2 protein chains.
Amino acid sequence: MLYAGFMSAAPPPFPTPQEPVGHPELIQLGSALEADEPCLRADAARNRARLLEAAARLVAERGADAVTMEAVAAAACVGKGTVFRRFGDRTGLLTALLDHSEKKFQAAFLAGPPPLGPGAPPVERLRAFGRAMLRRSHDELELQLAAEPGANRRFTAPPRRVLRHHVAMLLRQAVPEADCELLSHTLMGQLDPALIHHLTEQCGMPLARLEDAWVDLVDRVTGEAPAR
Amino acid sequence: MLYAGFMSAAPPPFPTPQEPVGHPELIQLGSALEADEPCLRADAARNRARLLEAAARLVAERGADAVTMEAVAAAACVGKGTVFRRFGDRTGLLTALLDHSEKKFQAAFLAGPPPLGPGAPPVERLRAFGRAMLRRSHDELELQLAAEPGANRRFTAPPRRVLRHHVAMLLRQAVPEADCELLSHTLMGQLDPALIHHLTEQCGMPLARLEDAWVDLVDRVTGEAPAR
DNA sequence: TTACAATCCGGACCGGGGTCCGCTTAACGT
DNA sequence: ACGTTAAGCGGACCCCGGTCCGGATTGTAA
């Protein structure tokens, strides 16, 4: 079972906007673009699909900055209000755009083959997790960056929570005596898209250095011998 | 010599807005409110003072959210454009508000008494640094949070850079073989105001736990024996 | 087929950040 | 005192994210 609720949870009534509610965290798979969302009126589903398609086209043709709520609405021949009802806010829309990749990634570390998936020792999985995250973020950097929620919700946004919980779990296995809750925040900080962008694009660091640093960090934190 | 240039550097001409320029990082001390900025026309200095005072009053009376550029301008009997020319953007204004405390803090770890200042062994100084940061951020949380720059400039904003450089320096002394540049990013992540806010306010963690986690993290990263 | 209720739609509207440019004024040389 | 000029000023203006609500659509039950 994969987490996927951050989209269906977003646009309930509308008068009562969103506020991520509880944590109905476990839902079955389902693509974002192929709009198989449940309980959506025909026209609503159609518009939802149109909107995602329009947004994707915009980001492809003119970059993430061009993904204005108005622009998306216009490109999808739909009212602005519709965009907000469906996706809550800009972050929600961008997040929806990343939903597919997100779920694939979750599947990989929750149920895929080792060392990313279960089967390998936790430290090994941590190393693999970081490498995978770094590469994924590096590829989708523009979108990931644009989808970053404002300083507040940066830690409550569901996708991040899932990743962090996973790291925390691995940490508990590797270093049970530590404060893994907080340690997971620390590790995830190293994988923050904004940081990756800053280091690779603005500082010109090669991605490999980030990967090395991640592995090194994991080793230090878990007290593992620097296996390099 | 303390860093203090992030304010005087912000509002040069105006047609050419800001863009942090090079790094004229070392400038002498000087209070923010007592407007002793150099090369400012009399009226400009006066307005600058008025603006800072108005902003401070607003944040005190109605919270940081009420610090609207328009509101500040109005409260200072000044045009909106003036606020932007002087401080660049909202973040700049809020940063200016924190300037005094910032400089005091810098003075403490650059030239103050050990263990925060020079004299103590680097690991000791790191521990003290984290504790100090946590307490300071916890006190000024609202402002710190409001002053947080958008995802982009989060790592290029001068005040943060100085802190990070300091941590990197201490790290180089403590663990010369590590990638201290990246490690400093990791450590600073643990002291991010947004994270502190999330953990203490939203998750209800006591500040002491954050302090313990910091010390533990420093120990792990530097390979120090968990001296607790 | 018709009627009804729940859901959805769309665009007018609002507030706030940021920009622009014609006018004003402080600073300085004579 | 006066003229010149660069610096400063202010508010109209634009864009965008987000909200609201009267009216249109859909699904359904009779």
Side-chain angles (χ1 to χ4, degrees), chain A residues 10-19 35 37-51 54-55 58 62 64-95 146-150 152-153, chain B residues 8 10-19 35 37-51 54-55 58 62-95 146-150 152-153:
Chain A
F14 195 34
T16 41
Q18 55 279 31
E19 206 60 41
E37 294 279 320
C39 314
L40 267 201
R41 237 171 63 170
D43 51 349
R46 175 180 49 88
N47 283 346
R48 184 190 147 83
R50 272 191 196 168
L51 284 168
L58 270 180
R62 302 172 37 202
D65 286 350
V67 182
T68 286
M69 296 307 255
E70 268 176 332
V72 173
C77 300
V78 142
K80 196 178 171 185
T82 304
V83 193
F84 282 95
R85 185 168 345 86
R86 195 69 358 173
F87 298 102
D89 57 12
R90 200 180 116 100
T91 293
L93 173 60
L94 275 329
T95 302
E148 190 124 337
N152 333 337
R153 318 202 183 282
Chain B
S8 14
F14 193 34
T16 41
Q18 55 279 32
E19 208 60 43
E37 294 280 318
C39 313
L40 268 201
R41 237 171 63 170
D43 51 351
R46 175 180 49 89
N47 283 345
R48 185 190 146 81
R50 271 191 197 168
L51 284 168
L58 271 179
R62 301 174 36 205
D65 287 349
V67 181
T68 289
M69 296 306 256
E70 268 176 331
V72 173
C77 302
V78 144
K80 196 178 171 183
T82 303
V83 192
F84 282 94
R85 184 168 344 86
R86 196 71 358 183
F87 298 102
D89 56 11
R90 199 181 116 99
T91 292
L93 173 59
L94 274 331
T95 302
E148 190 124 336
N152 332 338
R153 317 202 184 280

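Model, not experiment: these values are computed from the prediction. Naming convention: chains lettered A, B, ... in sequence-line order (proteins, then strands); numbering from 1 in each chain.
Under 4.0 angstrom from either OP1 or OP2 of C/dC8 there lies no side-chain N or O belonging to A/Asn47.
Distance CZ (B/Phe84) to C1' (D/dG11): 13 Å, rounded to an integer number of Å. To the nearest angstrom, P of D/dC21 lies 16 Å from NZ of A/Lys80. Taking atom CE of A/Met69 as the reference point, atom P of C/dG15 lies 20 Å away to the nearest angstrom. Remark: C1' of D/dC9 and CG of B/Leu40 are 14 Å apart, rounded to the nearest angstrom. If you take CZ of A/Phe87 and P of C/dC8, they are 13 Å apart, rounded to a whole angstrom. Spacing between atom CZ of B/Arg86 and atom C1' of D/dC9 amounts to 10 Å, rounded to whole angstrom units. Across the protein-nucleic acid pair, A/Leu51 atom CG and C/dG10 atom P stand 9 Å apart, rounded to whole Å. Between the P atom of D/dG18 and the CG atom of A/Leu93 lies a distance of 11 Å, rounded to the nearest Å.
The side chain of B/Asp89 sits closest to C/dG18 out of C/dC8, D/dT19, C/dG18. The nucleotide whose nearest atom lies closest to any side-chain atom of B/Arg85 is, among C/dC9, C/dG18, D/dG8, D/dG8.
Within 6.0 Å of CZ in A/Arg46 there are more than 12 heavy atoms belonging to other residues, nucleotides or ligands.
A/Ala44 and A/Arg86 make their closest contact through CB-NH1, 3.3 Å (heavy atoms, listed as atom of the first residue, atom of the second, distance). Of all heavy-atom pairs between B/Leu51 and B/Ala73, the closest is CD2-CA, 4.3 Å. In plain terms, the two heavy atoms of A/Met69 and A/Asp89 that are nearest each other are CE-C, 3.6 Å.
Place B/Thr91 and B/Ala42 on DNA chain C by their nearest nucleotides, and B/Thr91 ends up nearer the 5' end. Across the interface with DNA chain D, nearest-nucleotide mapping of B/Ala44 and B/Glu70 shows B/Ala44 to be the residue nearer the 5′ end. Between A/Arg46 and B/Asp43, it is A/Arg46 whose nearest contact on DNA chain C lies nearer the 5' terminus.
A donor and an acceptor atom sit less than 3.5 Å apart, one in the side chain of B/Arg41 and one in the base of D/dA7.
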Go through B/Arg90 and B/Val67 one step at a time and tell me if the side-chain contact (heavy atoms from CB on, under 4.5 Å) criterion holds.
CA-CA 9 Å; B/Arg90 199 181 116 99; B/Val67 181; 4.1 Å; yes
